[in-house]
Amino acid sequence: MQPTDTTTASACFRPDTDGASAIEWAALPTTSDQNHAAFLLPLSNGDILCAWFGGSKEGRPDVAILMSQLAAGTTCWTAPVMVSEDATRSEQNPVLFEAPDGAVWLIHTAQVLAMQDTSEVRVRRSRDHGASWSDTMRLESPPGTFVRQPVVLLDTGEWLLPTFHCGPIPGEAFRGNNDSSAVRISADQGASWREYPVADSLGAVHMAVVDQGGGTLIAFFRSRYADAIRRSVSHDHGRTWTAPATTTLPNNNASIGCTGLADGRIAMVFNDARSETGPVDTVTLPDGRIAPRAVWGVKRSPLVVAISADGGRTWPVRRTLRADPPERTEGEPKRNRELSYPSIVQQRDGLIVVAFTRFRAAIDIARFPVSWVEAG
């Protein structure tokens, strides 16, 4: 069963509508026409923060970062507050990180209109779990740098920030045809960063990194070619990476979410959809290479949770979290039907929490035990 599709749904967790499932649902309150790219962060005090971007339409200058909070021991999310402040750029893709000193970092992008190759990465910090924020600073990076996935605190004490570069192609509007991934690593608590590119990662973006310990990191990528989720491995704390290789999981050129579980396995949320044809044209890159064009428009539904016990090589445990109803009900607005851009975390009590975009109208949140996935 699924939660009721309405923008006035309760911000309090409620049981699934069939009353028998272990899953609970909440819908974040918002007044924005569009809402997208949720990001969850469990805090050390037991609270959970959820940030996303909202406004009239992605790419417009009224798009800003919003945030809601679930206090420890409660069941209702707070009313959203705006935590970015530039009315001249579209502010998108929030990433939250709690540093070892307790400061919460908000890292996000800011671009001119829909031109992602103009993006810059910005940072604000909070010393009171998100109640107030520092002035905005720019994270030093080339124009067109984007973020989406969590910062990883390495066992060396360093911070690793996954990024991807939206490279321009002269004479063409941005369409994601020259995008590739890199990580930025800080050894001084975010004061400075050094970049390490992911080799042969053209078309592999939204890099999500899971730390397996001992210097081994596993990364999973969205594919601009709408074919399959890609996987890469580093054995030196992120300095070098294997070329991203296709996995058995499909991808529709949409974001994924993954997290390491307390038992050592990896959980992922993704759209079980891919392009039927793949790229049908090529483009000449600024360096002269011929590359496939990005594939857009593949359906962003259903949303599936999967679990791997072998570092992401296979995913035998899967369950559909939400599927798009085949038809709109009478009077329902004609919105984009996507269920997309998931963020996934595991609480200290073991429950999995997933936030995702519903029809670009709202951010829905589900929470459930790992056993709910295994029972699927």
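The number of heavy-atom neighbours closer than 6.0 Å to CE of M137, taken from other residues, nucleotides and ligands shown, is above 12. The number of heavy-atom neighbours closer than 6.0 Å to CG of D135, taken from other residues, nucleotides and ligands shown, is 12 or below. For E140, the CD atom is loosely surrounded, since the number of other residues' heavy atoms within 6.0 Å does not exceed 12. Heavy atoms from other residues, nucleotides or ligands lying under 6.0 Å from CZ of R194 number 12 at most.
Listed by first and then second residue, the disulfide bond (SG atoms under 2.5 Å apart) pairs involving residues 102-212 amount to none (not counting sequence neighbours). Counting only residues at least two apart or on different chains, the ring-ring contact (aromatic ring centres under 6.0 Å, His included) pairs with a member in residues 290-316 are F220-W315. For residues 47-150, the disulfide bond (SG atoms under 2.5 Å apart) pairs, not counting sequence neighbours, are C12-C76.
When atom types are taken as modelled, the side chain of Q346 and the backbone of A262 share a donor-acceptor pair closer than 3.5 angstrom. Between the side chain of S343 and the main chain of L40, a donor-acceptor pair closer than 3.5 Å is present. Checked by atom type and distance alone, the side chain of R274 never pairs as donor or acceptor with a backbone atom of A226 at under 3.5 Å. Checked by atom type and distance alone, the side chain of D179 never pairs as donor or acceptor with a backbone atom of G203 at under 3.5 Å. Side chain of S119 to backbone of Q116: no donor-acceptor contact under 3.5 angstrom is found. Looking only at distances, no side-chain donor or acceptor of S186 sits under 3.5 Å from a matching main-chain atom of W159. Under the 3.5 Å distance criterion, the side-chain polar atoms of N35 are matched with a main-chain donor or acceptor of A361.
Taking the side chain as every heavy atom from C-beta outward, R14 and E24 never approach each other to under 4.5 Å. Taking 4.5 Å as the limit, some side-chain heavy atom of L49 sits within range of a side-chain heavy atom of L43. Here the side chains of I266 and Q212 are in contact, with some heavy-atom distance below 4.5 Å. At a threshold of 4.5 Å between non-hydrogen side-chain atoms, the residues D281 and V283 do not count as touching. Contact check for Q347 versus I48: side-chain heavy atoms found under the 4.5 Å cut-off. Within the 4.5 Å cutoff, the side chain of P244 has no heavy atoms near those of the R231 side chain.
Applying the salt bridge (charged side-chain N to carboxylate O under 4.0 Å, His left out) criterion to R230, with sequence neighbours excluded, gives D227.
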For this session: Could you go through the side chain to side chain donor-acceptor pair (under 3.5 Å) check for H165 and N178 one step at a time?
Result: CA-CA 8 Å; H165 293 299; N178 190 20; over 6 Å; no
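Among all heavy-atom pairs drawn from L139 and W193, the shortest one is CD1-NE1, 3.8 Å. Counting all heavy atoms, side chain and backbone alike, T259 lies closest to V210 at C-CG2, 4.4 Å. Between N45 and A72, the shortest heavy-atom distance links the atoms O-CB, 3.8 Å. Closest heavy-atom contact between T136 and E85: OG1-OE2, 3.8 Å. Across S223 and N251, no two heavy atoms sit closer than the pair N-OD1, 2.9 Å. Minimum interatomic distance between V269 and P342 (heavy atoms only, all atoms of both residues): O-CG, 3.4 Å.
Under a 4.5 Å side-chain heavy-atom cut-off, the cluster of Ile, Leu, Val, Met, Phe, Trp and Tyr residues that includes W241 is completed by V152, L154, L160, V183, I185, Y196, V198, M207, V209, L217, F221.
Salt bridge status for R184 with E158: absent, with no side-chain N to carboxylate O gap under 4.0 Å. R318 has no carboxylate O lying under 4.0 Å from a charged side-chain N of E374, or vice versa, which leaves the two without a salt bridge. Using a 4.0 Å cut-off between charged nitrogen and carboxylate oxygen, D272 and R300 do not count as a salt-bridge pair. In this structure, D86 pairs ionically with R122, as a charged nitrogen and a carboxylate oxygen lie closer than 4.0 Å. Residues E338 and R360 are paired through a salt bridge, judged by an N-O separation under 4.0 Å between the basic side chain and the carboxylate.
In this pair, F146 and F164 present their aromatic rings tilted. The plane angle is within the 30 to 60° band. Using cut-offs of 30° and 60° on the angle between ring planes, the pair H36 and F53 is perpendicular.
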Give the table of side-chain donor-acceptor pairs shorter than 3.5 Å for residues 60-69, with sequence neighbours excluded, one pair per line with atom names and distance.
unit_1: D62; atom_1: OD1; unit_2: S56; atom_2: N; d: 3.4
unit_1: D62; atom_1: OD1; unit_2: S56; atom_2: OG; d: 3.0
unit_1: D62; atom_1: OD2; unit_2: S56; atom_2: N; d: 3.3
unit_1: D62; atom_1: OD2; unit_2: S56; atom_2: OG; d: 2.9
unit_1: S68; atom_1: OG; unit_2: T78; atom_2: N; d: 3.3
unit_1: S68; atom_1: OG; unit_2: T78; atom_2: O; d: 2.5
unit_1: Q69; atom_1: NE2; unit_2: D47; atom_2: OD2; d: 3.0

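W25 and D16 share a side-chain donor-acceptor pair at under 3.5 Å. Side-chain contact check for T216 and H235: at least one donor-acceptor pair (N or O, by modelled atom type) lies under 3.5 Å.
Note that R367 lies in the cation-pi zone of F13, set by a 6.0 Å cut-off to the ring centre and a 45° limit from the axis.
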